[in-house]
Each structure stands twice: as C-alpha cells, then as structure tokens.
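Fair warning: this is a prediction, and the values are worked out from it, not measured in the lab. For ligands, and for the atoms within them, numbers begin at 1 and follow the listed sequence.
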Amino acid sequence: MRTYSTNLQLQKAIREARQAGHSIAFVPTMGNLHEGHLDLVRKARRLCDIVVVSIFVNPMQFGAGEDLDAYPRTPSADKEKLFAEGVQILYTPSCEEIYPEGLDTQTQVQVPDLADTLCGENRPGHFTGVATVVSKLFNIVRPDVAIFGEKDFQQLSIIRKMVLDLCMPIEIVGVRTAREEDGLALSSRNGYLTASERAIAPKLNEVLTECREAIACGFDNFHELEVHAQLKLIQAGFEPDYFEIRDARTLREVTEETEELAILVAAKLGKPRLIDNVRLALNPVSDWGMLSVPF
Ligand code: PAF
C-alpha cells in the first residue's frame with residue numbers, strides 16, 4: 001500500500017494506474033475505521049482493480065458546537081486495517097492541501113432541498129461541507145466508482161444528486177449498513193457511549209424495525225407511528241432529534257408516487273448523536289405494506 005499526502009503525488013500514481021488500464025474505486029473516509037468502512041473497501045475491491053481510500057477529517061462539515069479537535073483519530077490502526085484489506089493507495093492530505101486558501105473563501109457546493117431537511121435542519125452547513133469536500137476529492141482522484149455507506153442515507157442521497165446535477169462521470173455505490181449482533185449500526189460515535197448507554201443503544205434499530213414491520217403489516221397512520229417511536233426512544237433514555245417516515249428518493253413526505261420508504265432517526269444518547277435508517281419498498285399495485293419488501 002502506498003500512502004500519499006499531496007495531490008501531485010497522488011495524481012501521478014493514479015495517472016500511472018490509468019495508463020496501465022486499471023479501473024479505480026474510491027472510498028472517502030474520516031478515519032477511525034471500523035468494520036463498516038472495511039465493508040466499503042471490500043465492495044470497492046470487488047468492483048475495480050485499484051482501491052484508493054482517503055482519510056481526511058473535514059473541518060468544513062463540523063458546526064460551531066461540534067468538536068472537530070475531539071474527533072477520534074487513529075492513523076496507525078487505520079493504516080494496518082487498510083493494508084490487511086489489500087488497499088493499494090491511501091491518501092492522507094493535510095488541511096492546507098485540501099483548503100490551501102482556508103475555508104472562508106472556499107467555493108461551496110450546495111445541494112438544495114435534500115440537504116435542508118432531517119440532519120440538515122439540526123446541522124446547518126454540514127452537508128455543504130460534505131458535498132464540497134467530496135466534490136474536491138472526486139476531482140483529485142477522478143475515480144470510476146465511489147463507495148458510501150447506507151447508514152448515512154441522507155449523505156448518500158445528496159452525493160448521488162450532486163453527481164447527477166454536476167454531470168460527474170462517477171458511479172456512486174451504496175453499501176448496506178454494517179451492524180453489531182444486537183443491531184446497533186457501526187459508527188465511530190459508538191466509542192463515546194458509556195457501558196450503560198451501549199446497552200440501550202440497540203433500541204434505536206429495534207424501534208426502526210418495529211415501525212417498518214407495522215407498515216409492512218398494513219398500518220398506514222405514519223404520524224402516529226412517528227410519535228409512538230419517539231416516545232419509545234425517550235422512555236429508553238434517548239433525546240430524539242427526529243424520527244421520520246419519508247420518501248426514500250426525495251427524503252420528503254410520502255406521496256402516492258412514493259416507491260420506497262426510508263424510516264430515519266437521529267437521537268442523542270448521552271454525548272453522541274446516533275443516526276440510523278431502514279427502508280421498505282412499496283409494491284405499486286398493492287395497498288401500502290401488504291406486498292412491501294423490507295431492506
Ligand atoms: O461519511 C464520512 O465519513 C464523511 O462525511 C465523508 C464522506 C468522508 C466526507 O468527509
């Protein structure tokens with residue numbers, strides 16, 4: 001595995017790989033890698049000849065109250081994991097490399113609407129930071145394929161839309177959320193949970209799954225389901241930001257055109273704010289739910 005920290009070095013290596021006829025898959029990360037990230041890397045390996053992984057803790061996607069400095073950084077362990085997975089190129093740019101003129105005058109990539117709802121309401125500017133850094137990384141790496149986790153479903157939707165709107169010739173591939181045995185979605189933030197919070201945390205997925213099952217069984221009062229789910233989370237010790245049943249394509253209210261539901265949750269549990277989602281395909285010829293297929 002070769003590690004580069006400047007754009008020039010990285011682009012030279014990628015040019016050589018291209019000249020040798022290799023296809024390139026890209027997995028952008030902020031490090032502190034867990035099995036969920038490694039699933040993305042494995043998918044990338046199956047899809048292309050060369051896998052490029054970036055580790056860059058992007059200051060532009062952290063809000064005022066969010067502690068950028070406290071974000072967990074584990075570079076040596078990350079390197080070992082990527083090496084063991086057979087990654088060929090690791091890119092670890094500095095902040096100056098990505099934002100040579102600082103953040104204040106940086107051109108921004110905004111994806112309206114999709115970025116304004118759900119997590120976008122509680123974290124203003126967050127998705128502009130994500131879309132901006134991902135588009136910069138895409139322009140630096142110029143991959144054929146880029147891989148993202150479905151756990152950050154809103155982020156994945158925003159990146160798909162950005163690529164479409166800006167005519168970026170990159171295939172975006174989503175990978176199913178990796179979970180602990182008790183259902184908790186893998187996340188760097190799980191490391192902040194105390195032992196007692198960790199015991200409560202799987203409730204998040206439990207409540208999502210119950211909601212999906214209720215809809216699959218034909219229950220179609222979504223508002224009631226959302227309120228009920230929020231109450232359950234509060235009783236368990238969470239502080240929910242939202243629990244929403246949405247159209248998986250638009251991330252807006254479900255309409256008659258909706259083909260797939262996304263049930264999304266964000267809730268604080270002690271220090272960390274956890275997110276998770278499940279989806280449910282709707283059969284257009286059936287009543288909602290009766291012939292729906294859970295993801
Ligand atoms: O999902 C993440 O880790 C980050 O948001 C990403 C996509 C690497 C951009 O900084």
Locate the shortest heavy-atom distance separating Arg18 from Arg142; write the atom from each residue and the value.
NH2-O, 2.9 Å
Do Ile170 and Ile172 have side chains that approach each other closer than 4.5 Å (heavy atoms only, starting at C-beta)?
yes
Please lay out, stage by stage, how Lys136 and Phe56 fare under the test side chain to side chain contact (heavy atoms under 4.5 Å, CB included).
CA-CA 12 Å; Lys136 290 185 79 131; Phe56 177 63; over 6 Å; no
Quick check on contacts: which atoms of ligand 1 are under 4.0 angstrom from a heavy atom of [X]?
X	result
Val133	9 (C), 10 (O)
Gln61	4 (C), 5 (O), 9 (C), 10 (O)
Gln155	1 (O), 2 (C), 4 (C), 5 (O), 7 (C)

Short side-chain donor-acceptor distance under 3.5 Å, Tyr71 and Asn58
no
Of the protein's non-hydrogen atoms, which lies at the shortest distance from atom 3 (O) of ligand 1, and what is that distance?
Met30 CG, 3.6 Å
